[in-house]
Amino acid sequence: MSCILRALACVTGVLLVVGCSESAPEHQVLVTVNGVPVYDYELALARERTLGEQGMLLADASTDRKVLESLVAGRAMALLAEQGMSEQERTALAHQVAAWREEQLVKRYLSEHVVPVPVPQHRVNEYYQRHPELFGGGTRYRYEQLSVATGQDTALRDKAVRWLGQAVGENDWQALTDAGRTAGLPVNFRQGTAAESLGSETLRARLKAMQPGEVSAVSLEAGEASLLKLVAVETVPPRPLSDVSDDIRLRLAPMQLRQGIREVMDQATAQADIQYLREE
């Protein structure tokens, strides 16, 4: 399979150059296919592309011959494919090749002109102040929850709703859970913490609307009847900035890079004579 993939890669490379490669008098012609030359530099590129650095170290004359034969076969197929194309198809292919070429030139230009700039400390500080919840800080809601899995059983759902309604005035929900299970209800009791990055969005919304000690109304969602009690609201300080600065820089690095690319694009545009011929 790997041999087939290498051969396909080689053939693909040929397809990119057939019909658009310019003569290269400074290079040696190794073979011609229907009068179209295959140059030594094409063999070198195909060898590097198909074998990689490690493979090139182990390559011998036999390997080169196989790569060259793949190039020749690819050139032959490409020429046959080109003969069968309509003028419209040739034009479309030329546009695709031109777009690919421009994309490569843009990448080359950006790699040469975009200078990586470290994220400045003031931006790290600003991000840290705006998003304390990402670093262990912010507001946290400690809660207790009673829930009964009812599925599509309407009789069980009605029974669960009545039972949960009676639980509103009770304090010991663990004991209440044990009693409910004894009575045959599939009751679940859990204690948890919700914050900006902890718990579901629906859970956080319910808790934010409550005061400590308050019990919610019975909720019916996804085949489950549940009751919430907000135990406490805590303000937790974030981890020290010194501990998370590197993490923040990693988060901001893509934005910093995009800004650098934008600046290079603006500079290139400013140097060009641009005339929009059609108003959008």
Side-chain angles (χ1 to χ4, degrees), residues 102-147 149 168 171-174 177 188-272 274 280:
E102 183 168 295
E103 180 182 336
Q104 301 309 306
L105 290 172
V106 169
K107 289 180 179 178
R108 177 185 290 264
Y109 186 85
L110 290 174
S111 67
E112 293 175 350
H113 291 81
V114 175
V115 179
V117 178
V119 178
Q121 186 61 43
H122 75 272
R123 291 194 60 197
V124 173
N125 296 344
E126 290 172 358
Y127 191 88
Y128 179 79
Q129 296 296 331
R130 287 200 307 269
H131 304 285
E133 72 282 356
L134 298 178
F135 310 104
T139 302
R140 296 193 180 189
Y141 304 87
R142 288 198 294 114
Y143 67 92
E144 293 181 349
Q145 183 180 44
L146 280 176
S147 61
V168 172
N171 292 322
D172 190 346
W173 280 13
Q174 181 61 70
T177 299
N188 182 54
F189 171 67
R190 70 183 298 259
Q191 297 172 308
T193 302
E196 292 302 320
S197 56
L198 296 172
S200 71
E201 185 176 347
T202 302
L203 175 63
R204 292 197 302 269
R206 291 176 68 187
L207 292 171
K208 286 181 178 180
M210 299 167 61
Q211 297 297 321
E214 184 178 351
V215 178
S216 71
V218 176
S219 171
L220 295 171
E221 185 180 6
E224 183 180 81
S226 66
L227 200 65
L228 278 177
K229 180 193 294 182
L230 179 58
V231 177
V233 179
E234 303 169 339
T235 301
V236 182
R239 293 164 57 196
L241 177 59
S242 58
D243 290 352
V244 297
S245 290
D246 290 343
D247 180 44
I248 294 176
R249 284 192 165 86
L250 286 175
R251 292 169 183 261
L252 296 179
M255 298 171 57
Q256 189 81 357
L257 178 60
R258 285 195 293 270
Q259 180 180 339
I261 292 174
R262 181 75 260 175
E263 291 174 357
V264 170
M265 292 172 62
D266 291 343
Q267 292 169 5
T269 303
Q271 296 175 31
I274 300 171
E280 296 296 338

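Values in this document were obtained by computation on a predicted structure and should not be read as measured data. Keep in mind that the numbers below use all heavy atoms, side chains included, and drop hydrogens, waters and symmetry copies.
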Inset, instruction - May I ask you to check whether over 12 heavy atoms, not counting those of R130, lie within 6.0 Å of atom CZ? - result: yes
Legend entry - salt bridge (charged side-chain N to carboxylate O under 4.0 Å, His left out) partners of D266, counting only residues at least two apart: R262
Inset, instruction - Consider only side-chain N and O atoms of Q129 and N125, and report whether a donor and an acceptor are under 3.5 Å apart. - result: no
Inset, instruction - Anything under 30° is parallel, anything over 60° is perpendicular, the rest tilted; go ahead and classify H113 against Y109. - result: parallel
Legend entry - Q211 atom CD, over 12 foreign heavy atoms within 6.0 Å: no
Legend entry - From CD (Q191) to CD (Q174), nearest 0.5 Å: 7.5 Å
Inset, instruction - Begin with the C-alpha distance, continue with both residues' side-chain angles, and end with the deciding distance and a verdict on side-chain contact (heavy atoms from CB on, under 4.5 Å) for V106 and E103. - result: CA-CA 5 Å; V106 169; E103 180 182 336; 5.8 Å; no
Inset, instruction - In sequence, state the C-alpha distance, the side-chain angles, and the governing distance for L228 and L203, and then conclude on side-chain contact (heavy atoms from CB on, under 4.5 Å). - result: CA-CA 9 Å; L228 278 177; L203 175 63; 3.6 Å; yes
Inset, instruction - Quick one: do V244 and L134 satisfy side-chain contact (heavy atoms from CB on, under 4.5 Å)? Show the steps, please. - result: CA-CA 10 Å; V244 297; L134 298 178; over 6 Å; no
Legend entry - Inter-residue atom distance Y128.OH - D243.CG, 0.5 Å rounding: 8.5 Å
Legend entry - Straight-line distance of W173 CH2 to L227 CG, nearest 0.5 Å: 4.0 Å
Legend entry - Qualifying side-chain hydrogen bond (donor to acceptor under 3.5 Å, both in side chains) pairs, either residue in residues 217-233, two or more places apart: R206-S226
Inset, instruction - Can you measure from CZ (R251) to NE2 (H131) and round to the nearest 0.5 angstrom? - result: 9.0 Å
Legend entry - Distance in Å, Q145 CD paired with N188 CG, rounded so as to fall on 0.5 Å steps: 7.5 Å
Legend entry - Rounded distance (nearest 0.5 Å) linking atom CZ of R204 with atom CZ of R140: 12.5 Å
Legend entry - Minimum-distance pair of heavy atoms, taken over all atoms of L207 and A194: CD1-CB, 3.7 Å
Legend entry - Residues, nucleotides or ligands: over 12 heavy atoms within 6.0 Å of Q104 CD: yes
Legend entry - R142 vs P212 side-chain heavy atoms within contact, under 4.5 Å: no
